[in-house]
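Structure below; questions to follow.
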2 protein chains.
Amino acid sequence: MHLQKYMELLKEHNIKITPQRLAIVALMDQYGHISVRDIYEKIRAKFPSLSLATVYKNINAMMENRFINELKIVGQENKYELAKERHSHLICQKCGMIEDIEIDTSGIEKSIPKESGFEVVETSVQFVGICQKCAS
Amino acid sequence: MHLQKYMELLKEHNIKITPQRLAIVALMDQYGHISVRDIYEKIRAKFPSLSLATVYKNINAMMENRFINELKIVGQENKYELAKERHSHLICQKCGMIEDIEIDTSGIEKSIPKESGFEVVETSVQFVGICQKCAS
DNA sequence: CTGACTGCAAACGTTTTGCACGGTA
DNA sequence: TACCGTGCAAAACGTTTGCAGTCAG
């Protein structure tokens, strides 16, 4: 499918290509946000020799290279996503769904008092609530 | 000190009063945001019989009662804070400082498309950056 | 061909659990 | 007094590490 694309992505970030890594990237691309456990189980179904340690090692390497981001969400295990433009997340309290959303955070950043002397590098916003499916 | 205040707080939330719990509440009040490990070590210095299991059990009980909140922060261990009015956090990447800040999130909430059908219950905002002390 | 990656097993740190005892209401 | 909370030890997790063999570049 998009093997070629994944290989290029890895190359761009100076990460050596292996079947395990391609499988991880493919899952992140497919699911958007995925946990270590889910990565492990889904790949293992097709590729039973995969070890959990390898998943962790690769996740950590990819985070160091800023190739992926870690998402810490209340009430959920950590999720990982391919790094892309800054964005925020909609999170359903009921079903756990996570959806990307692009919003402008410059307004709220302005409400930090100048006197605080705090310089924002990154603003992280999570909208926690109920998704359409769960509401109906 | 504020023992009386802490006892009332616990009573209001239907949490039985014990010396261990009073010590935990006192630390959260004093530090604002504190980790399990820090709670354990600080209390233990004065009160060596305290067990880590007790800290965890109490933290969990207080979270169920919505008496305290859990704070998940990138690159830091989980922190806990007394529940209060909705607020956001300034987080220093360098020294780890966490500071409360009150901002109006209604603006960014409006940028969620109506068609998404997502109903926001709570908006969590973290401003990650460099604090005044670390910048100078 | 060489260094990096993988898988395995063991180690580690954190959090939870079960149980007997002790303290709060 | 009755029940809930505590402390201890063990268990259960999640994550990391060391090492020997293998693979990608």
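Not measured: the values here are computed from a predicted model. Just so it is clear: chains get the letters A, B, ... in the order the sequence lines come, proteins before strands, and each one is counted from 1.
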Q. Between dG14(D) and Asn78(A), is there an OP1 or OP2 to side-chain N/O distance shorter than 4.0 Å?
A.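 No.
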Q. Taking CD from Gln76(B) and C1' from dG13(C), how many angstroms apart are they, rounded to a whole number?
A.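 Distance check: Gln76(B) CD to dG13(C) C1' gives 18 Å.
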Q: Figure out the CG/P separation between Leu10(B) and dT24(C), and round it to whole Å.
A: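 To the nearest whole Å, that distance equals 14 Å.
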Q: Check whether any side-chain heavy atom of Met28(A) sits under 4.5 Å from a side-chain heavy atom of Ile39(A), and report yes or no.
A: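 They are in contact (side-chain heavy atoms under 4.5 Å apart), so the answer is yes.
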Q: Name the residue closer to the 5' end of DNA chain C, choosing between Pro19(A) and Pro19(B) according to the nucleotide with the nearest heavy atom.
A: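 Counting from the 5' end, the first nearest nucleotide belongs to Pro19(A).
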Q: Report the nucleotide, chosen from dT14(C), dG14(D), dT6(C), that has the shortest atom-to-atom distance to any side-chain atom of Thr54(A).
A: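 Side chain of Thr54(A) sits closest to dT6(C).
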Q. Would you say Arg86(B) and Thr123(B) make side-chain contact, with heavy atoms under 4.5 Å?
A.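 The answer is no; the side chains never approach within 4.5 Å.
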(Q) Nearest whole Å is fine: how far is dC5(C) C1' from Asn58(A) CG? (A)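 Rounded to the whole Å, the gap is 8 Å.
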Q) Just wondering, more than 12 heavy atoms not from Gln76(B) lying within 6.0 Å of its CD? A)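 Buried by this count: over 12 neighbours within 6.0 Å.
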Q.
Of the options dT24(C), dT17(D), dC19(C), whose atoms approach the side-chain atoms of Lys57(B) most closely?
A.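 Among the listed nucleotides, the one closest to the side chain of Lys57(B) is dC19(C).
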(Q) If you assign Glu77(B) and Ala53(B) each to the DNA chain C nucleotide with the nearest heavy atom, which residue ends up on the more 5' nucleotide? (A)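 The 5'-side residue here is Glu77(B).
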Q.
On the nucleotide dT6(D), are OP1 or OP2 found under 4.0 Å from the side-chain N or O atoms that Thr18(B) carries?
A.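 Answer is yes, contact under 4.0 Å.
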Q | Any donor-acceptor N/O pair under 3.5 Å between dG23(C) base and Lys16(B) side chain | A |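 Under the 3.5 Å cut-off, the side chain and the base do not form any donor-acceptor pair.
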Q: Describe the nucleic acid contact of Ser49(A) in one word from base, sugar-phosphate, nothing, applying a heavy-atom distance below 4.0 Å.
A: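 If one applies the 4.0 Å heavy-atom cut-off, Ser49(A) turns out to touch the sugar-phosphate alone, with no base involved.
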Q: Please state how far atom CZ in Arg44(A) lies from atom C1' in dG7(C), giving the value in whole angstrom units.
A: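 Value for this atom pair: 10 Å.
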Q | Glu81(B), Glu99(B), Gln126(B) screened by side-chain hydrogen bond (donor to acceptor under 3.5 Å, both in side chains) with His89(B), the one that passes | A |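 In the set Glu81(B), Glu99(B), Gln126(B), the residue that makes a side-chain hydrogen bond (donor to acceptor under 3.5 Å, both in side chains) with His89(B) is Glu81(B).
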Q.
Whole angstroms only, please: what is the CD1-P distance between Ile15(B) and dG5(D)?
A.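 For the pair Ile15(B) CD1 and dG5(D) P, the rounded distance is 10 Å.
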**Q.** Asn60(B) side-chain proximity, nearest of dT16(C), dA25(C), dG7(D)
**A.**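 Out of dT16(C), dA25(C), dG7(D), the nucleotide with an atom closest to Asn60(B)'s side chain is dT16(C).
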Q. Of Arg21(B) and Lys11(A), whose nearest nucleotide on DNA chain D comes first from the 5' end?
A.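 That would be Arg21(B).
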Q) Would you say Lys46(A) has more than 12 foreign heavy atoms packed within less than 6.0 Å of its NZ? A)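 Counting other residues, nucleotides and ligands, NZ of Lys46(A) stays at 12 neighbours or fewer.
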Q. Can you check whether Gln20(B) has a side-chain N or O nearer than 4.0 Å to OP1 or OP2 of dG23(C)?
A.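 For dG23(C), neither OP1 nor OP2 has a side-chain N or O of Gln20(B) closer than 4.0 Å.
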Q) For dT6(D), does either OP1 or OP2 sit under 4.0 Å from a side-chain N or O belonging to Ser51(B)? A)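 False: Ser51(B) side-chain N/O out of range (4.0 Å or more) of dT6(D) OP1/OP2.
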Q) How many Å lie between CE on Met62(B) and P on dG5(D), as a whole number? A)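 My rounded result for the distance is 11 Å.
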Q. Can you tell me how far C1' of dT14(C) sits from CD of Glu70(B), to the nearest Å?
A.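 The distance from CD of Glu70(B) to C1' of dT14(C) comes to 13 Å, rounded to the nearest Å.
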Q. For Ile17(B) and dG5(D), what is the distance between atoms CD1 and C1' respectively, to the nearest whole Å?
A.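 So the two atoms are 13 Å apart, to the nearest Å.
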